[in-house]
Colleague: 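Let me begin by handing over the structure; questions about it come next.
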Amino acid sequence: MLPTYAGYSLLLVFGLFFTIVTLVMQRRKKQKMTAEQFSTAGRSIGVGLASASIIAAWTWAATLMMSSATGFQYGISGPYWYAAGACIQVLLFAIVAINLKKRAPKAHTFLEFIAQRFDKKNHRLIMGFALMTNILVTAMVVLGGAIALNSLTGMNVYAAAFLIPLTFTIYTMIGGLKASFIADYFNTVMIFGILAVFAAAIYVKFGIDPIYEGLQNMPSSASMLTMASIPGLLFGMVNIIGNFGAVFVDQAYWQRAIASKDSAASKAYIYGGLAWFSIPFAIATFLGVSAAGLGVAVSTPDAAAPEMAAYLLGGIGSILFLAMLFMAVMSTGAAELTAITNIIVTDIYRTSIRPDASSEQLLSMSRKVTLGFGLMMGVLSILLFKVGISLSFVYMAMGIFVSGAVIPVTLGLLWKKATNAGTFYGAASGLVLGVTAWLVSASTLYGEISVQSLGELEPMFFGNITVFLVSGAISIGHALYANQSFDFDSLKDKFHSFDEETDSVEEGSYERKRASAE
């Protein structure tokens with residue numbers, strides 16, 4: 001629908017634009033970049049910028065692509081179940097954000113808190129869940145962008161999958177978390193603007209009647225025109241459970257609480273979550289449900305949004321959708337890059353490899369990790385395409401692999417009775433039994449264990465619900481049985497700024513040299 005060079009040009013333009021903006025903002029601020037600035041943005045972000053950042057970070061490629069696929073497949077219930085099912089977690093996270101700011105005001109990652117609240121075994125296990133979450137979310141970001149580029153420009157899907165991470169890796173490597181916030185603000189404004197264009201185009205060009213009549217004449221009209229759709233309800237359940245893991249175990253969202261001012265943290269999640277609801281609900285209705293009602297032939301449900309945009313406005317629609325998609329890709333990609341960088345630098349490098357590392361060494365390592373992970377995700381996305389794993393499959397399976405840590409982590413922050421054993425065995429057992437339920441239900445219902453059978457709604461539902469029930473029952477049950485009590489006040493002096501620690505080390509070194517000279 002667009003020439004192939006348009007895809008390459010788009011990647012180049014977006015990458016250069018945000019890199020230049022980051023450099024200009026840094027020069028205007030005239031503030032020296034330190035490890036603390038890179039990882040926390042100075043803990044000075046206000047409610048407006050934080051809200052915009054949460055909206056942008058939660059607007060994945062899947063938000064645009066997968067939500068429209070649900071509208072195309074399940075009708076009018078799809079947009080609601082996608083939007084509502086992924087909005088609850090952000091709103092509830094406001095409670096977690098308040099407690100994190102209160103109990104660990106100078107923490108850099110939620111895992112740093114876990115290391116102090118629980119034992120090393122739990123720290124390593126929850127770190128595994130967190131890294132898996134970052135990898136899966138970044139994979140979805142890249143897969144969605146590559147599918148859209150291939151669908152609208154014919155760009156080689158493997159080339160797109162490798163080049164997309166580079167567009168947000170370079171400016172994130174330069175500006176750190178603050179660069180992510182700046183990009184998020186631009187992206188949120190543009191996404192809402194383009195949404196308004198698509199909404200107006202649908203009403204002006206087609207109106208409601210032909211879409212309604214088209215849905216009414218479909219063989220599956222009984223489920224396409226009702227909120228009581230069983231497939232829609234099953235998807236909604238999978239969506240709710242999976243996205244608890246994608247928020248509560250994703251360092252990107254804890255990071256925004258850490259970077260926000262104390263007065264802004266909880267408000268930002270409430271405002272951001274409520275405003276975000278309109279994005280998937282609108283895009284899935286205007287591009288997903290409308291495509292089904294108008295009988296637009298799409299190559300796959302995952303590609304319903306870009307192909308409907310092209311059907312609606314031709315080349316202009318394709319360009320607008322790609323622009324909106326890349327705003328989403330760059331925001332989420334940068335958020336995930338800074339998240340995994342903070343985990344590796346704070347919870348691995350600084351904890352186990354170089355506990356005495358200076359701020360300059362931590363900053364250097366942060367930039368190296370950012371670049372390395374960005375390149376690695378390009379390679380991983382190519383491998384996912386090679387083995388035939390789709391965006392929908394990764395999205396719905398995500399909860400099975402990461403949601404086992406949701407209840408144990410939340411209890412650890414909010415409840416003084418949470419225990420080491422309950423947390424560890426709850427998270428680990430949830431993962432093992434969830435995967436087992438997923439495999440067994442696929443084999444029982446469809447007679448085989450394959451990518452196709454595992455990707456069906458019922459096995460995904462059984463796997464996701466098992467994870468939540470098992471992890472919650474074990475972690476809560478053991479806490480009640482053990483009846484232990486943890487003193488949260490003992491944590492207040494456990495967390496320190498990277499820059500404070502550097503100053504302390506340098507001051508100690510100076511005193512030692514002075515004493516030696518005397």
Side-chain angles (χ1 to χ4, degrees), residues 11 56-67 69 86 127-151 155-169 172 180 238-239 242-247 249-253 300-303 305-306 325-341 343-344 369-403 405 431 435 438 451 454-455 460 463-464:
L11 290 174
W58 200 216
T59 305
W60 306 350
T63 304
L64 308 179
M65 305 280 284
M66 186 65 195
S67 65
M127 189 192 307
F129 278 101
L131 292 173
M132 193 185 307
T133 303
N134 290 133
I135 290 169
L136 288 175
V137 171
T138 311
M140 282 189 281
V141 168
V142 178
L143 288 173
I147 290 168
L149 273 176
N150 175 259
S151 176
M155 183 178 177
N156 182 280
V157 72
Y158 301 123
F162 185 75
L163 292 174
I164 285 171
L166 291 181
T167 59
F168 52 78
T169 296
T172 306
S180 174
V238 171
N239 195 38
N243 281 311
F244 265 107
V247 173
V249 194
D250 189 341
Q251 169 61 21
Y253 298 96
T300 67
D302 284 352
L325 182 82
F326 269 93
M327 289 297 178
V329 165
M330 297 191 76
S331 290
T332 311
E336 297 303 314
L337 270 182
T338 51
I340 203 164
T341 295
I343 290 173
I344 292 173
V369 171
T370 300
L371 178 60
F373 181 68
L375 294 174
M376 185 197 80
M377 286 312 305
V379 174
L380 176 62
S381 300
I382 291 172
L383 293 176
L384 290 175
F385 275 122
K386 282 285 188 182
V387 298
I389 301 296
S390 68
L391 177 65
S392 300
F393 186 96
V394 177
Y395 182 84
M396 291 198 293
M398 173 180 60
I400 298 172
F401 292 104
V402 305
S403 292
L431 172 62
V435 171
W438 184 35
V451 172
L454 290 171
M460 288 289 188
N464 274 276

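Keep in mind it's a predicted model, so treat the numbers as computed, not measured.
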Colleague: What do the steps show when you test Thr133 against Glu336 for side chain to side chain contact (heavy atoms under 4.5 Å, CB included), and what is the final call?
Modeller: CA-CA 9 Å; Thr133 303; Glu336 297 303 314; 5.7 Å; no
Colleague: Taking atom types as modelled, is there a side-chain donor on Thr341 or Thr370 under 3.5 Å from an acceptor on the other?
Modeller: yes
Colleague: Is the shortest side-chain heavy-atom distance between Pro306 and Met65 below 4.5 Å?
Modeller: yes
Colleague: When you compare the side chain of Ser331 with that of Thr59, does any pair of heavy atoms fall below 4.5 Å?
Modeller: no
Colleague: When you look at Val142 and Phe162, which way does the side chain to side chain contact (heavy atoms under 4.5 Å, CB included) test go after all the steps?
Modeller: CA-CA 8 Å; Val142 178; Phe162 185 75; over 6 Å; no
Colleague: So, for Ile164 and Ala146, which heavy atoms are closest and what is the spacing to 0.1 Å?
Modeller: CD1-N, 3.4 Å
Colleague: What verdict does the side chain to side chain contact (heavy atoms under 4.5 Å, CB included) test give for Thr172 and Thr338, after you've listed the backbone C-alpha separation in whole Å, the side-chain angles of each residue and the deciding distance to 0.1 Å?
Modeller: CA-CA 7 Å; Thr172 306; Thr338 51; 3.4 Å; yes
Colleague: Are Phe373 and Ile135 close enough that some pair of their side-chain heavy atoms sits under 4.5 Å apart?
Modeller: yes
Colleague: Without hydrogens or angle criteria, can the side chains of Asn150 and Tyr158 be said to hold a donor-acceptor pair below 3.5 Å?
Modeller: no
Colleague: To the nearest 0.5 angstrom, please state how far the CD1 atom of Ile344 sits from the CD atom of Gln251.
Modeller: 11.5 Å
Colleague: At what distance, to the nearest 0.5 angstrom, does CD1 of Ile340 lie from CG of Asp250?
Modeller: 9.5 Å
Colleague: Hey, what do you get for CD1 (Ile343) to CG (Leu131), rounding to the nearest 0.5 Å?
Modeller: 5.0 Å
Colleague: Return the minimal non-hydrogen interatomic distance between Ala57 and Ala335, and the atom names on each side.
Modeller: CB-CB, 4.1 Å
Colleague: Minimum heavy-atom separation for Phe326 and Leu11, please, with both atom names.
Modeller: CE2-CD2, 3.2 Å
Colleague: What is the ring orientation for Phe393 with Trp438, classed by angle as parallel under 30°, tilted 30 to 60°, or perpendicular over 60°?
Modeller: tilted
Colleague: Distance from Ile147 atom CD1 to Ser381 atom OG, nearest 0.5 Å?
Modeller: 10.0 Å
Colleague: With heavy-atom distances below 4.5 Å as the criterion, would you say the side chains of Met140 and Met398 are in contact?
Modeller: yes
Colleague: Heavy atoms only: give me the nearest Asn239-Ala86 pair and the separation to one decimal.
Modeller: ND2-N, 3.8 Å
Colleague: Answer yes or no: is there a donor N or O on one side and an acceptor on the other, between the side chain of Thr332 and the main chain of Val329, under 3.5 Å?
Modeller: no
Colleague: Please find the pair of heavy atoms, one from Leu136 and one from Phe401, that lie closest to each other, and give the distance.
Modeller: CD1-CB, 4.3 Å
Colleague: For the atom pair OG1 (Thr138) and CE (Met377), what is the distance rounded to the nearest 0.5 Å?
Modeller: 5.0 Å
Colleague: What closest approach, in Å, do Leu325 and Gly145 show between heavy atoms, and which atom pair accounts for it?
Modeller: CD2-CA, 3.6 Å
